[in-house]
Amino acid sequence: MQPESLDLTILGIETSCDETGVALYCTRRGLLAHTLHSQVALHARYGGVVPELASRDHVRHLLPLILKTLDEARITRKELNAIAYTAGPGLAGALLVGASLAQSAAYALRIPALGIHHLEAHLLSPLLTTPRPTFPFIALLVSGGHSQLMRVGGIDDYTLLGETLDDAAGEAFDKTAKLLGLGYPGGPALERLALQGRAGRFRLPRPMLNSADLNMSFSGLKTAVLTEYRSRSMSDADKADLAAEFQEAVAEVLASKALAAVEASDTRQLVVAGGVGANRRIRAVLDTRATPRGIAVAYPPLEFCTDNGAMVAFAAALRLGTSGKASCGAGPGSFSVRPRWDLEQAGTLAAL
Ligand code: KG4
Ligand code: ZN
């Protein structure tokens, strides 16, 4: 069943890490409003996310953000048909803020609460674009915690084809950025520095480029940057060149693995999801290589690449549209989160 055939208004809540995201998605009218509060300034001085500070900040901002989002969409709480929240994976305390608010509000409003898998939400976020990619497709999921290639046959039909054996691509960006003395979050900061540099002056490895499988590895790349960095005194121009070369190495590995996954599959569609998918150079390398092979690459709008509430509300809409019933969350009044949670078990929160 297509979600459009139902008429449901869903509140989506994302609090798995360092963004408080809220959105309202209507299965008939599409995205009605979405708001985000970023904790970047809060964590910047520590050089990374401090979990306890993240939870407290979600507590401070979530309810006001929900009220603001309802206001912007001119929707009253009585018009809501379901509340979706990220139930995992992520930081336990941060997840609990979203889960407890979603479950108690849903209980008070006598509507269902749906625990959504964070990676499933990222995976499905490219479907927020027009024209909407159709199932099946290959998804390259590249975030701060994951780098995976999946075949997505439909809701709850996810097959892992390959993944990183160590650091996630976003983690490698963050660690390399830290090494180069850039701020947090590292990905966007490194991309900005790389814009001023030239790839190829330094030569970094392309890990596992020629391995016969679809797995990846990024931790050696970060070490190679460290070795290069320590081998000389680095001017700002040197740092920019090193950043550009690092970005190029990640882009080449991701593009090569992703396109190999498509070639070996039953589809010519690739979708890119997760925060690293916001990187313009990675997008450019993917596009340049995919187009001549007749492979279509879809990206969510930049604002939906990183964590947001829209993808959570949207994943819930698709789940409700697929099962045709407005209930696949935990029991009323109870709530659980799964800080660690395999995507293949994404549909199992109801069993908790
Ligand atoms: O999907 P996301 O917002 O959160 C997770 O679920 O992890 O991804 C965050 C990751 C961080 O590692 C961040 O540095 C990276 O995505 N990222 C980028 C860019 N924007 C965010 N990496 C490279 N280039 C970017 N422009
Ligand atoms: Zn994420």
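Because the structure is a prediction, the values reported are computed rather than measured. We count ligands from 1, going down the list as the structure has it; atoms in each ligand are counted the same way.
Which of Gly275, Ala189, Gly145, Ser125 comes nearest to atom 16 (O) of ligand 1 through a heavy atom is settled by distance: it is Gly275. One option in Thr86, Val49, Asp174 has a heavy atom closer to atom 14 (O) of ligand 1 than any other, and that option is Asp174.
Aromatic rings of His34 and Phe304 (six-membered ring for Trp) have centroids within the 6.0 Å cut-off, being under it. Checked against the 6.0 Å centroid threshold, Phe246 and Phe173 count as a close aromatic pair.
At under 3.5 Å, not a single nitrogen or oxygen of Gly274, backbone or side chain, sits near a nitrogen or oxygen of ligand 1. Checking only distances, Gly187 does come within under 3.5 Å of ligand 1, N or O to N or O. Of the N or O atoms in Thr306, none lie within a sub-3.5 Å distance of an N or O in ligand 1.
Regarding atom 3 (O) of ligand 1, its nearest protein heavy-atom neighbour is Asp307 N, 3.1 Å. The protein heavy atom nearest to atom 24 (N) of ligand 1 is Asn279 ND2, 3.1 Å. Here the heavy atom of the protein found nearest to atom 9 (C) of ligand 1 is Gly144 N, 3.8 Å. For atom 26 (N) of ligand 1, the closest non-hydrogen atom on the protein side is Glu191 OE1, 2.7 Å.
Those atoms of ligand 1 with a heavy atom of His122 less than 4.0 angstrom away are 1 (O), 6 (O). If you number the atoms of ligand 1 from 1 as listed, the ones under 4.0 Å from a heavy atom of Gly170 come out as 12 (O).
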### Message
Working note: Arg29 + Asp7, criterion salt bridge (Lys or Arg N to Asp or Glu O under 4.0 Å); need CA distance, chi angles, decisive distance, verdict.
### Response
CA-CA 8 Å; Arg29 293 193 288 151; Asp7 188 0; over 6 Å; no
### Query
Passes side-chain contact (heavy atoms from CB on, under 4.5 Å), Arg151 versus Leu160? Steps please.
CA-CA 7 Å; Arg151 180 188 179 276; Leu160 182 65; over 6 Å; no
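Rounded to 10°, the angle that NE2 of His118 and OD1 of Asp307 form at the Zn ion (ligand 2) is 90°.
Distance alone, capped at 3.5 Å, places no donor-acceptor pair between the Ser147 side chain and the Ser143 backbone. Side-chain atoms of Asp71 do not come within 3.5 Å of backbone N or O of Arg74 as any donor-acceptor pair. Between the side chain of Thr267 and the main chain of Pro136, a donor-acceptor pair closer than 3.5 Å is present. A donor-acceptor contact shorter than 3.5 Å is absent between the side chain of Thr86 and the backbone of Glu14.
We find that Lys257 and Glu263 are not joined by a salt bridge, their nearest charged nitrogen and carboxylate oxygen being 4.0 Å or further apart.
Contacts of His118 with ligand 1, taken as heavy-atom pairs under 4.0 Å, involve the side chain alone. No part of Glu19 comes within 4.0 Å of ligand 1, judged by heavy-atom distances.
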